[in-house]
Amino acid sequence: MIYPNPAKDKISILINNRQVIKSISVLNLYGQHITNLNNSNDKIDISKLESGIYILEFVIDRNKLRKKLIKK
């Protein structure tokens with residue numbers, strides 16, 4: 001779960017406690033890679049992204065999960 005969504009500057013990610021996020025990639029709606037996000041803190045800084053709709057791709061253990069993010 002990503003919250004808040006839509007978000008302006010920072011987001012938080014809620015996952016199962018046993019799972020570890022290995023990486024977070026930001027994709028545009030065409031599936032093109034934009035950047036990677038640092039997930040070492042409780043809050044993830046998205047302030048450098050332009051306003052719009054993005055797909056966040058999480059690598060968790062051996063799985064990939066995609067969630068939509070709306071940046072104000």
Side-chain angles (χ1 to χ4, degrees):
M1 181 173 148
I2 300 170
Y3 63 94
N5 194 7
K8 187 171 186 176
D9 295 324
K10 297 189 185 279
I11 58 170
S12 295
I13 299 171
L14 180 64
I15 62 168
N16 187 329
N17 286 339
R18 296 175 301 194
Q19 297 177 323
V20 176
I21 298 174
K22 293 185 179 182
S23 68
I24 304 172
S25 299
V26 179
L27 311 174
N28 65 17
L29 292 178
Y30 299 107
Q32 298 167 319
H33 183 266
I34 304 296
T35 189
N36 292 319
L37 296 176
N38 182 355
N39 64 329
S40 62
N41 300 323
D42 263 357
K43 301 277 185 183
I44 297 172
D45 183 11
I46 60 166
S47 62
K48 294 182 181 177
L49 294 175
E50 294 183 25
S51 297
I53 300 173
Y54 296 93
I55 304 297
L56 298 185
E57 182 178 81
F58 302 92
V59 175
I60 301 172
D61 296 324
R62 295 181 185 157
N63 301 312
K64 287 186 180 180
L65 174 67
R66 291 185 175 186
K67 293 287 185 179
K68 181 171 71 171
L69 170 67
I70 301 171
K71 167 73 164 76
K72 292 185 197 177

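- Between I46 and K71 the shortest heavy-atom distance is O-CE, 3.0 Å.
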Validation: residues 48-55 side-chain donor-acceptor distances under 3.5 Å, sequence neighbours left out:
| from | atom 1 | to | atom 2 | distance (Å) |
| --- | --- | --- | --- | --- |
| S51 | OG | K72 | O | 3.0 |
| Y54 | OH | E50 | N | 3.4 |
| Y54 | OH | E50 | O | 2.8 |

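- Atom NZ in K64 sits 12.0 Å away from atom NZ in K22 (nearest 0.5 Å).
- One distance of note links OG of S23 with CG of N38; it measures 11.5 Å at 0.5 Å rounding.
- Scanning for side chain to side chain contact (heavy atoms under 4.5 Å, CB included) contacts around V20 gives an empty result, with sequence neighbours left out.
- The two residues L27 and H33 come nearest to each other via the heavy atoms CD2-CA, 3.6 Å.
- With side-chain heavy atoms closer than 4.5 Å counting as contact, directly or through intermediates, the hydrophobic cluster containing M1 also holds Y3, L14.
- No side-chain heavy atom of V26 sits less than 4.5 Å from a side-chain heavy atom of E57.
- Take K10 and apply the side chain to side chain contact (heavy atoms under 4.5 Å, CB included) test, not counting sequence neighbours, and it matches K43, D45.
- A distance of 5.5 Å separates CD1 in I2 from CG in L69, rounded to the nearest 0.5 Å.
- D61 pairs by the side-chain hydrogen bond (donor to acceptor under 3.5 Å, both in side chains) definition with nothing, not counting sequence neighbours.
- The hydrophobic cluster containing I15 also contains I11, counting ILVMFWY residues as joined when their side-chain heavy atoms lie under 4.5 angstrom apart, directly or transitively.
- Under the 4.5 Å side-chain criterion, counting only non-hydrogen atoms from C-beta, F58 is in contact with K67.
- Partners of N28 under the side chain to side chain contact (heavy atoms under 4.5 Å, CB included) rule, at least two apart in sequence or in another chain, are Y30, Q32, I34.
- Other members of a hydrophobic cluster containing V59 are absent, since no ILVMFWY side chain comes under 4.5 Å of it, directly or through relayed contacts.
- For the atom pair I24 CD1 and T35 OG1, the distance stands at 11.0 Å (nearest 0.5 Å).
- For the pair N5 (side chain) and I70 (backbone), a donor-acceptor distance under 3.5 Å is present.
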